[in-house]
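Bear in mind that the values here come from a model prediction, so they are computed numbers and not experimental data. Just so it is clear: chains get the letters A, B, ... in the order the sequence lines come, proteins before strands, and each one is counted from 1.
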Number of protein chains: 2
Amino acid sequence: MDITRAAEGAKGFEKVFTLLRERLLDGSLKPGDRLVPERELAAQLGVSRPAVREALRALTMLGVVEIIDRIGTVVRRPDVSMLGYFFAFALAQQADVIDDVIEARIAIECQAVRLAAERATIADFERLQQALTRIAATIDDPEAGGMADFDFHAAVVQAAHSETLSVLHASMGALLARSHRTRRDLVQVFGSMKSYLIDDHRRVFDAIVARDPERADIALRRHFAIGDDYRRRAATGQVEPQKAGGE
Amino acid sequence: MDITRAAEGAKGFEKVFTLLRERLLDGSLKPGDRLVPERELAAQLGVSRPAVREALRALTMLGVVEIIDRIGTVVRRPDVSMLGYFFAFALAQQADVIDDVIEARIAIECQAVRLAAERATIADFERLQQALTRIAATIDDPEAGGMADFDFHAAVVQAAHSETLSVLHASMGALLARSHRTRRDLVQVFGSMKSYLIDDHRRVFDAIVARDPERADIALRRHFAIGDDYRRRAATGQVEPQKAGGE
DNA sequence: GTCAATTGTTGGTCAGACCAACGGCTAAAT
DNA sequence: ATTTAGCCGTTGGTCTGACCAACAATTGAC
């Protein structure tokens, strides 16, 4: 492993981090690979060992490496659970990032639902059907209901058979699950949400089964729009949304 | 700032990280706050300064603090830029399935073009217009043309005014730029690509200007589909695509 | 009051030492 | 010959103490 071509001009932490980042991004370092020991890496790069440690710790936070005591540092597939930390901090600091990410998830799911309509397998239909059943069974339980809603959406993304979309969706998973959970709290405020939750998810499922990407996309977008409406009205103190009973 | 209640039993990095995480999550530390100097924090916690540095560096990667040289460490509000690092690594691992990533980009861009149709500013229109001009001017230059194509798509994503979509798109940026570059090589095989490239991009632009999200989405999807058609025919040795000249 | 020099402060980095906990190797016992 | 016990090497985790760079603040001279 030729690892001595360091970043120009940099030293210490920056030198190590930049070089490892490049090796990871260009594929020289792959999941499962073990880095040379810290002392050796420090010697090769002409930096101090604490600088190496800082860089490795930083990469650990991104989930791309794992420092194993007395074994060494191992490259791993980026671990979406690390993003749980990020979202927890974002929530605690009331950062704008939360709504931005939740909005952007529409891109992932709406494209996924189109692909699902084209590619879903029997196993996918079964998983979606089970998720639908669970949504209905948990309609009065916000905790389990939130999870059931999230599971349905995750099943849609899985049915798309796109590894990239799955990774992106999983990276937002912690945030989306929380969002679904919060949405479910509104069921006690708006009785009409019960039929909304069951019927809308069913509509999405039916469009996937019908192999109709356009219809699936439209059904899912409508689902998001009405969900946002419920949220808006809860925030503004309005009672039942006017469109809830309509088509 | 009472910061000495450390995590039970832990020491070194773990002790510092855990304690700071708690302070950040419980609101004791807020954006704008400045932590005590590293030396003092190390003394208060009874750990070494490198341990403090590792913990601070870890929190830096999560975007919750910023280490400012000779000033100190300041708490900040997390923003989406941290996600960019994560996505870049996650997508780099997908590099073996480049087509999967290229396909998934449709999710990002098609949602972005919808939002662009709703949110684009005058400055966005100007940037898109310039990109269009550059596409036409570079029609016979694969290198510059690939970049011009990518710039148009990036401008669409920017016009969506969604940080998360921008970050996601940037994470794929290198792959997409290369894909556009490769596509431009096909111009020499298929003369009809010239009008395709100019007209299709113009159609997308017009739909954005018309503030018509549906039409923009449809135009961009058609653009991708025809682009894929060219690519397929090049791979299978066919000459001009039959639909190229039609509506 | 202004300017220059000095001092203090903070993060960035380094060198070297020690500790804990394994795994591997070697020598002794059976 | 085989098994067991002890020792050594290795690696990450942590610590101490020192030095450097680059400012800002303070002090003294004019």
Side-chain angles (χ1 to χ4, degrees), chain A residues 1 3-21 23-24 29 31-76 79 82, chain B residues 1 3-21 23-24 29 31-76:
Chain A
M1 179 169 71
I3 204 165
T4 54
R5 290 171 293 157
E8 297 292 342
K11 53 183 292 205
F13 165 82
E14 198 68 41
K15 186 175 183 179
V16 186
F17 183 75
T18 299
L19 180 127
L20 289 177
R21 186 181 63 196
R23 295 287 85 74
L24 288 159
L29 289 174
D33 288 353
R34 194 159 108 181
L35 300 195
V36 301
E38 295 176 1
R39 289 176 178 88
E40 191 171 330
L41 185 55
Q44 288 179 12
L45 296 185
V47 300
S48 68
R49 201 170 141 222
V52 168
R53 290 192 58 77
E54 275 186 46
L56 293 181
R57 193 69 76 173
L59 291 169
T60 295
M61 296 313 297
L62 292 173
V64 287
V65 300
E66 181 180 8
I67 303 175
I68 304 174
D69 199 353
R70 295 187 314 284
I71 302 290
T73 302
V74 179
V75 179
R76 47 187 278 192
D79 180 0
M82 297 313 300
Chain B
M1 179 169 67
I3 205 163
T4 56
R5 290 172 293 156
E8 296 293 342
K11 56 186 291 206
F13 165 83
E14 198 69 41
K15 186 175 183 178
V16 185
F17 182 78
T18 300
L19 181 128
L20 289 178
R21 185 181 65 195
R23 295 288 83 76
L24 288 158
L29 289 174
D33 287 354
R34 192 157 107 181
L35 301 196
V36 302
E38 296 176 357
R39 290 179 179 84
E40 190 173 328
L41 185 53
Q44 288 179 12
L45 295 187
V47 301
S48 67
R49 198 170 144 224
V52 168
R53 292 193 56 77
E54 277 187 48
L56 294 181
R57 194 69 76 174
L59 291 169
T60 294
M61 295 312 299
L62 292 172
V64 285
V65 300
E66 181 179 9
I67 303 175
I68 304 174
D69 199 353
R70 297 187 313 283
I71 301 291
T73 303
V74 179
V75 180
R76 50 181 279 193

Locate the shortest heavy-atom distance separating [X] from [Y]; write the atom from each residue and the value.
X: B/Ile71; Y: B/Arg34; answer: O-CZ, 3.4 Å
X: B/Leu56; Y: B/Val65; answer: O-CG2, 3.8 Å
X: A/Val47; Y: A/Gly12; answer: CG1-N, 3.6 Å

Looking only at C/dC14, C/dT10, C/dC18, the nucleotide nearest the A/Ala51 side chain is C/dC14
Non-neighbouring partners of A/Phe17 that pass ring pair (Phe, Tyr, Trp, His ring centres under 6.0 Å), sequence neighbours left out: A/Phe13
Calculate the interatomic distance between A/Glu38 atom CD and C/dG16 atom P; express it in whole Å.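 For the pair A/Glu38 CD and C/dG16 P, the rounded distance is 17 Å.
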Protein-nucleotide distance (A/Arg53, atom CZ; C/dG16, atom C1'), rounded to Å: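 Distance check: A/Arg53 CZ to C/dG16 C1' gives 16 Å.
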Establish whether the base of C/dG16 is bridged to the side chain of A/Arg39 by a donor-acceptor pair shorter than 3.5 Å.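 By the distance-only test, no, there is no pair.
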Outermost DNA chain D nucleotides near chain B [under 4.0 Å, heavy atoms]: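 With heavy atoms of chain B under 4.0 Å away, the range is D/dT14 to D/dC23.
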Which residue, B/Val75, B/Leu29, B/Asp33, forms the side chain to side chain contact (heavy atoms under 4.5 Å, CB included) with B/Arg23?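 Exactly one candidate clears the test, B/Leu29.
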Please list all pairs meeting side-chain hydrogen bond (donor to acceptor under 3.5 Å, both in side chains) that have one or both residues in residues 52-74 of chain A, counting only residues at least two apart or in different chains. A/Glu38-A/Arg53, A/Arg53-B/Glu54, A/Glu54-B/Arg53, A/Glu54-B/Arg57, A/Arg57-B/Glu54
By a strict heavy-atom criterion of less than 4.0 Å, which residues belonging to residues 54-76 of chain A are in contact with DNA chain C? A/Arg70
What pairs with A/Arg76 under side chain to side chain donor-acceptor pair (under 3.5 Å), at least two apart in sequence or on another chain? A/Asp79
